[in-house]
Amino acid sequence: MKPVNWRSVDLNFLVAFAALMETRSVTRAAEKLSIGQSAMSHNLSRLRTLLDDPLFHRQGNEMQQTARAFELEPVITPLLDTIATDVLTPVSFEPKQYSGPIRIGLTDYAELVFAPALFDVFREQAPHCQLSCHPVDRVNYREALKNDQVDVVLGAVQTEDPVLLMENLYTERHVCLFDPHSTGLSAPLSLDDYTKTPHALV
DNA sequence: TAAACATGCCTTACCAGTGT
DNA sequence: ACACTGGTAAGGCATGTTTA
């Protein structure tokens, strides 16, 4: 097949061709596309060069299609329809139709809190998706996202990375449990006492 | 002769390349 | 990053050509 010089190909030529086929008039086709008669005539001239065929012959006040134009019409018309409907119309995401993978990175705590509910929600709203959960922690979650190992991360993590988008899901209240005898502390616990005392974050 | 198409020339917009 | 420049293409104006 001969290589195509796409620089010389313009989608508007096909639109002009369709308008000419419909109106069989340069002037009316120009009106239909809201351009001047000369502009449409130029378009027809470029089409003729591109397709190496006169495409239309003037016969009185009407432009008669050539055999080549009749050949091209059933190709070009559905092509324009396809472009209008399948290419230029924005597609909306339908979770129920989606059958691809969804990879969620979860910290230990997030897995404990969210995993069962996530499973139920995905099974109901995106029953065909391939849901997988991946263990991450506060250290490696950035790498997991940037290396495309997960699509989203759930957990008590913070990021200043402008590439990563973050949304706060909820605020949780933490409590401090301590043994007054072994620590020698008493309630209420001051911040100073808390920070001075060895402790574990669970 | 009027209507419609074709064409030369011009303006404008866009893009790529180049220099600062 | 920005400005400048040259090439290219689209579209309009004016006018020539064609046809009934």
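In what follows, chains are A, B, ... by sequence order, proteins preceding strands, each numbered from 1. Note: hydrogens, waters and symmetry copies are ignored here, and every other heavy atom, side chains too, is used.
Of the candidates B:dA6, B:dA4, B:dG8, the closest approach to any side-chain atom of A:His42 belongs to B:dG8. Residue A:Ile35 places its side chain closer to C:dG12 than to any other of B:dA6, C:dA10, C:dG12.
When every heavy atom of A:Phe178 is checked against every heavy atom of A:Leu185, the shortest pair comes out as CE1-O, 3.7 Å.
For C:dC13, its base sits under 3.5 Å from the side chain of A:Ser38 at one donor and acceptor pair at least. For A:Gln37 against B:dA6, a side-chain-to-base donor-acceptor contact under 3.5 Å is present.
Under the 3.5 Å distance criterion, the side-chain polar atoms of A:Gln130 are matched with a main-chain donor or acceptor of A:Ser99.
Distance A:Gln64 CD to C:dT19 P: 14 Å, rounded to the nearest Å. The distance from atom CD of A:Glu31 to atom P of B:dC5 is 10 Å, rounded to the nearest whole Å. The nearest whole Å value for the distance from the CG atom in A:Leu44 to the P atom in B:dT7 is 9 Å. Spacing between atom CG of A:Leu20 and atom P of B:dA6 amounts to 9 Å, rounded to whole angstrom units. Rounded to whole angstrom, the span from the CZ atom of A:Arg28 across to the C1' atom of B:dC5 amounts to 12 Å. Atom CE in A:Met63 sits roughly 18 Å away from atom P in B:dA3 (whole-Å rounding). Nucleotide C:dG11 holds its P atom 9 Å from the CG atom of A:Leu33, rounded to whole Å.
A:Ser25 comes within contact range of the sugar-phosphate backbone alone, with a heavy-atom separation under 4.0 Å but no base atom that close. Within the nucleic acid shown, A:Arg24 has no heavy atom closer than 4.0 Å to any nucleic acid atom.
Using a 4.0 Å cut-off between a side-chain N of Lys or Arg and a carboxylate O of Asp or Glu, A:Arg28 and A:Glu31 do not qualify as a salt bridge.
In this structure the side chain of A:Leu154 reaches within 4.5 angstrom of the side chain of A:Leu118, judged on heavy atoms. Two residues are said to be in side-chain contact when any heavy atoms from C-beta on lie closer than 4.5 Å; A:Leu189 and A:Cys176 meet this criterion.
For C:dA10, the OP1/OP2 oxygens have no side-chain nitrogen or oxygen of A:Asn43 closer than 4.0 Å. Taking only side-chain nitrogens and oxygens, A:Arg46 comes nearer than 4.0 Å to OP1 or OP2 of C:dA10.
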